[in-house]
Each structure stands twice: as C-alpha cells, then as structure tokens.
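A short worksheet on the structure shown next.
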Amino acid sequence: MKTLIKMAFRDLGRNRRRSLFSMLALGMGLALLLLIASIYEGQMRLSLDTAIRLQTGHLQVRAANYNENKTSLAWEDLVADPQLVASQVASLPAVELATPRLYASGILSLGEKTNGVRVIGIDPDSTANQPFRLGLVSGEFITAEDRQGLLLGQPLADKLQVEVGDQVNLLVNTASGEVDEQNFTVRGIYDTHTPGYDRSTVFLPLAKAQAITQSENHASIIFILLKDRDLTGAVVNALSSSPYQVVTWEKMNELVLQTEEFSNAFLYVLYLIVLGITATVIVNTLVMAVFERTREIGILSAVGMKSNHIMAMFFIESSMLAIGGIIIGLILGGLMAWYAKTVGFYIGDMGVTGMLYGDRLYGHLVFEDIASASLVAFIITLVASLYPAILAARMEPVEALHGGKQL
Amino acid sequence: MEVTKVENVTRVYTVGDVETHALRGVTLGIQPGEFTALVGPSGSGKTTLLQLMGCLDQPTSGQVFINGKDVSQLNRNQRADMRRGTIGFIFQFFALIPTLTAYENIEVPLLLNGHTPAERRKRVQQLIEAVDLVERAHHRPDQLSGGQQQRVAIARALASTPSLILADEPTANLDTENGKQVMEIMTRLNQETGVTFVFATHDPRVFTYAHRVITLQDGLVVENGKSPRK
C-alpha cells in the first residue's frame with residue numbers, strides 16, 4: 001500500500017500543473033458551495049432570530065379563541081388584565097421577560113399619502129423593545145404616559161415623507177368593530193434593518209393603544225422571551241394549566257423552519273450538481289493519466305499486479321486529488337464564509353411574506369455543512385475515478401505493454 | 001519436467017476483418033536451467049510466443065504449460081498470480097516505472113509477493129550488487145543510461161526468484177558494449193542461480209550466448225537446435 005501511495009503521489013507530481021488545476025476546480029466548487037451553505041444557514045438563522053426578537057418571541061400567551069390572522073379586538077379574544085398575566089409568566093425561572101402587546105390594524109396618513117399599518121401597543125419600559133430602542137434613528141422613544149406620540153419605521157417615514165415632530169393621522173379598528181381616528185405626533189423613527197417589518201409597524205404606548213381601540217386593560221398577546229430557546233417545552237408545561245393558549249416559536253415560525261428544511265434538501269442537490277461538474281475535470285485528468293501510463297500499467301501487470309491493485313492505485317490518486325481539492329476548497333470557502341459573516345452582502349428590501357429578512361445577507365458556516373460538503377466532494381471524486389480506474393484495470397497486459405490500443 | 005511447454009499453439013489477431021496468424025501451431029518445451037534464444041525475422045512470432053509462455057496472453061488454440069500446469073485458460077487474475085510467483089520479464093524498452101528509483105523498481109515484485117521489509121531490503125541489496133548498480137540504486141530511470149536501466153530490469157525480473165525469465169529483445173535498444181554487458185550478466189545469473197532464460201532476439205551477436213536456438217518463421221518453428229557457439 002505504501003508503494004501504491006508513493007507511486008500515486010509521484011504520478012500526480014509528474015504533471016503538477018494539471019493536478020493543481022484539477023484540485024483547484026474541485027476546490028473552487030467546494031468553496032462556492034460552502035459560501036452558499038453559509039449564506040443559507042446564516043439567512044435562516046437571522047430570519048428566525050429576527051422573527052423571534054421583533055415579532056413572535058419564544059412564546060406567546062393568547063386568549064383561547066384568539067385568531068392571529070383576524071387581529072380581533074373583541075374582548076373575549078383578548079387577554080384580560082395583561083400586566084398581571086405577564087408578571088405571573090415572568091416569575092417563571094426560565095422566562096427572561098414577558099410583556100403585553102396589543103395588535104390592531106390601521107391606516108396612517110399624512111395629507112394625501114396613506115399607508116396600511118399594524119399598530120402595536122407596547123409597554124415602552126420593557127426590554128423586549130430593545131431592538132426598536134437601539135434602532136432609533138431620530139427623535140426619542142415613546143413613554144408609557146405619552147398620549148399623543150407614536151413611533152414608526154424608517155421606510156414608512158420615507159414613504160409618507162414624515163419627520164420627527166410631524167403630525168400624522170392614525171385610523172384604527174376598535175373592539176366594537178368600529179373605527180376611530182386621531183392625530184399623533186411622530187416622536188421617533190426606528191430602523192431595525194428589516195424592511196418588511198419596519199415599513200408597516202407603528203408603536204403606541206399600550207395604555208394609549210388600549211384607549212383608542214376601546215380594549216381597556218386587554219392585550220392581544222403576552223410576548224415572552226426565554227433565557228434559552230431549549231427551555232420552551234418546560235415553560236409550555238408550566239403554563240399548561242392556564243386558561244390561555246400558549247404558542248411556541250416553532251409553531252409561529254413554521255414557514256422559516258420549513259424553508260430551512262427545503263433549503264437543506266436543495267443544498268444537497270446543489271452539491272451534486274456543482275461537484276458533479278467538477279468531477280468531470282477529475283475524470284479527464286485521470287483518463288489522461290491512464291492513457292499516458294498505458295505502458296506502465298502493462299509493466300505492473302506483467303510483474304504480477306492484479307487488477308484490483310491497479311484500480312486501487314488510481315483510487316489513491318483520485319483520493320489525493322480530492323484531499324488537495326478539499327483543502328483548497330476549505331481555505332477558499334472559509335475565507336468567503338468569513339467575509340459573508342463579517343461584512344455580508346447588501347440585498348435591500350427583499351422581504352418574503354411570512355418571513356423577516358434583514359437588508360444584508362450574512363453567512364454562518366456550521367460544521368455539518370463543512371463536513372457534508374467535503375464528504376460529498378470526496379465521494380463524488382472517488383465515484384468519478386471509477387471509470388478511469390476500471391479502464392486501467394481492464395487493460396490486457398500485452399496491449400498495454402505495446403502502448404495500448406484502442407481504449 | 002519442462003519449465004514451460006507449448007503444445008500446438010496458435011495465436012490469431014483480428015483487427016477489423018483482417019486476421020493475422022502470429023503463431024500457426026508451435027510445439028516446444030524448455031528444460032530447467034536452459035538459456036534459450038528465440039530467433040527469427042520481425043513478424044516471425046517470437047514476441048507472441050514469449051507472451052504466451054509468460055501468461056501475458058492466451059493462445060487462440062493449443063495449450064501452454066508452466067511447471068506442468070496448464071495456464072491456457074486461466075483468467076486475468078490467475079495469470080497475474082502465475083506471473084508474479086513464477087515468471088520474470090525483461091523487455092526491449094527497459095520497462096521501468098519512471099516514478100520509482102532503481103531500488104524501488106526492483107522492490108515492486110517483492111511487495112506484490114508480500115515479502116517483509118527486512119526480506120525486501122536484503123533481496124534488493126543482493127540483486128543490486130549482482131547487477132553492479134549499488135551506486136545508482138536511488139536514481140530514477142531517467143537518471144540512468146540504457147544499459148543501467150536494463151540491468152535494473154534484469155534485477156527486477158530475478159527479484160521473486162522465478163523459475164523462468166523471459167526477455168524480449170533485451171539488447172535491441174543498447175549499444176554493443178552495453179548489450180554485451182547485459183548478456184554477460186544474464187549468462188552469469190543463469191549459471192549462478194540456475195534460473196531458466198528464454199530470450200527473443202534477431203541480433204546474431206546475442207544468440208551466440210544461448211545453449212539452444214529456436215528459429216521461428218511465419219509463426220512456425222523451423223529449426224530447434226544447439227547454438228552455434230555451444
């Protein structure tokens with residue numbers, strides 16, 4: 001075996017440039033796959049994290065018959081005395097924070113310009129609002145006592161051409177099924193770099209939101225963040241005796257999770273396509289090696305080397321090409337993924353309904369993707385070398401000794 | 001018992017619709033320790049006969065025996081086994097593996113036969129001294145002269161202590177001096193080790209070294225007798 005390895009290594013060294021280009025082809029293919037895998041993974045993680053942070057939380061406590069899609073404000077669809085419920089939930093050891101939120105549909109307008117919005121009544125003092133507080137680009141955050149102010153996202157402000165201090169009109173649906181409207185002052189403009197969210201979400205202090213929607217001392221949900229996502233089951237169990245429905249982040253982000261599963265399957269198909277193409281380069285290299293070394297194969301056969309050893313020699317060569325290519329791929333792919341993770345790629349507003357995307361794509365390379373892409377690259381290269389290896393092993397020694405015929 | 005024996009062998013090569021009768025029914029036997037030359041003009045069937053005796057090829061009809069065993073119908077791997085343990089080859093074009101040193105080329109048959117590293121070291125050293133290449137042991141073929149390369153090939157052929165060495169035009173690519181050296185080494189090894197040599201040649205200076213000269217013409221043995229020198 002040692003001699004076969006030595007021969008294979010030296011054979012690759014005979015045509016260094018060709019071997020290097022073969023490895024480079026495999027390496028480039030692998031590097032691109034690692035970049036794509038890192039972007040997929042990064043995007044899915046970011047989308048999920050963003051959705052949890054901004055929208056769903058890890059858990060939501062809702063009234064038993066609350067229907068998320070209807071944004072109902074009927075009292076029987078809401079959580080009564082939400083501050084009390086929130087403080088009870090917050091007392092559980094696994095819960096980091098719990099805060100009530102009230103959702104309503106509305107139309108925000110300034111002069112002739114109008115936009116449909118989702119109005120969210122929040123407890124301004126809750127740390128759950130940190131993403132919006134940190135994302136404040138102008139003005140100030142709303143306070144619990146504020147009865148005239150609201151907060152809106154940068155894209156919405158741009159669309160309506162409003163600035164901090166401007167008066168805007170907000171029309172909302174109410175618990176009685178009617179609508180009410182009032183002028184508000186823009187206190188602040190935030191930007192979470194999630195255009196799909198920022199262009200349609202307006203924040204009011206909870207008390208003011210309850211007042212305008214006539215849903216006094218009620219909230220749509222209790223927004224809950226846990227100390228660790230893995231504690232979800234435990235908290236759900238702890239809340240199981242409550243009269244409310246408890247909805248988990250998995251349920252609320254089904255689309256993201258399903259997309260991630262689909263992406264993983266798609267990624268494997270992509271592996272096969274890209275690496276299949278690069279494998280043709282390896283086949284070409286090894287077939288040329290077989291043609292060039294026909295006489296040597298004949299010599300080895302003449303001195304008694306069996307077909308399986310001849311095949312093994314070519315498999316070792318392709319393994320070496322694969323290992324070289326994988327090392328190149330890991331280095332290049334690692335650099336690309338590092339760039340994607342630290343700098344990212346600007347994509348602007350490319351939101352998908354049901355999913356929250358930031359305005360930049362960020363990569364996140366995980367060991368599973370590195371291992372699976374490298375393994376697929378290795379296996380495909382070995383499979384690709386099957387044909388040249390069989391070609392070599394099936395040579396009749398007499399023909400091979402005379403430079404081959406006819407292959 | 002003959003080291004190798006062929007009985008009424010024919011070999012027909014077919015290329016497209018054209019059939020070429022390389023051997024037309026050859027019968028002969030080679031006794032242990034013989035130093036035999038196969039002579040004849042190009043196309044007379046010398047190389048084909050060596051290939052059949054060496055289990056590199058199979059006859060179209062007839063039988064080939066190695067040490068009494070019929071090898072005519074062996075499959076590819078069985079023939080490889082037979083070659084590895086019993087037969088050594090020396091080719092006209094030296095036939096060394098260019099990526100291996102002289103030492104490593106000689107070592108290949110020993111590796112294939114599963115010898116231990118210590119056995120290999122001892123045997124290669126012995127052979128490399130026998131062909132007077134100690135100084136060039138770690139040179140690759142492209143760093144050796146034609147004569148030196150052929151001496152490496154002789155050492156490799158002897159490595160597994162075969163009972164039969166087949167040499168196809170071993171001096172054809174050598175100048176007179178190197179050709180003479182190669183033939184003298186082969187003669188000496190034949191005498192010292194008793195290994196049987198059968199070599200094909202059409203060089204009159206070479207077949208004078210032989211105990212027996214078998215002359216082929218148009219795929220048939222036309223003369224089978226003592227060497228003019230012996």
Q.
Let's go through D57(B) and E399(A) carefully: what are the C-alpha distance in whole Å and the side-chain angles of both, what is the deciding distance for side-chain contact (heavy atoms from CB on, under 4.5 Å) to 0.1 Å, and is it a yes or a no?
A. CA-CA 9 Å; D57(B) 196 8; E399(A) 288 159 4; over 6 Å; no
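- More than 12 heavy atoms of other residues, nucleotides or ligands shown are found within 6.0 angstrom of CD on E192(B).
- Heavy-atom minimum distance, A302(A) versus F89(B): O-CE1, 3.2 Å.
- Across all non-hydrogen atoms, the minimal contact from I97(B) to E296(A) is CD1-O, 3.9 Å.
- Around atom CZ of R188(B), more than 12 heavy atoms belonging to other residues, nucleotides or ligands sit under 6.0 Å away.
- Residue contact with chain A, scored on non-hydrogen atoms closer than 4.5 Å, involves the backbone and the side chain of L100(B) alike.
- With rounding to the nearest 0.5 Å, the separation of NE2 in H309(A) from CG in N77(B) is 10.0 Å.
- Among P109(B), G85(B), G54(B), P98(B), the residue with the largest count of heavy-atom pairs under 4.5 Å with chain A is P98(B).
- When the shell of 6.0 Å around CE of M28(A) is examined, it contains 12 or fewer heavy atoms from other residues, nucleotides or ligands.
- Within a 6.0 Å sphere centred on CD of E292(A), heavy atoms belonging to other residues, nucleotides or ligands number more than 12.
- Heavy-atom pairs under 4.5 Å with chain A were tallied for A80(B), G88(B), A159(B); the largest tally goes to A80(B).
- Using a 4.5 Å cut-off between heavy atoms, L56(B) contacts chain A through both its backbone and its side chain.
- When the shell of 6.0 Å around CZ of F345(A) is examined, it contains more than 12 heavy atoms from other residues, nucleotides or ligands.
- Looking at I87(B), neither its backbone nor its side chain comes within 4.5 Å of chain A, counting heavy atoms on both sides.
- Counting heavy atoms from C-beta on, the side chains of K306(A) and R76(B) never come closer than 4.5 Å.
- Other residues, nucleotides and ligands contribute over 12 non-hydrogen atoms within 6.0 Å of the OH atom of Y13(B).
- The shortest side-chain heavy-atom distance between V303(A) and R83(B) does not fall under the 4.5 Å cut-off.
- At least one side-chain heavy atom of L401(A) sits less than 4.5 Å from a side-chain heavy atom of F93(B).
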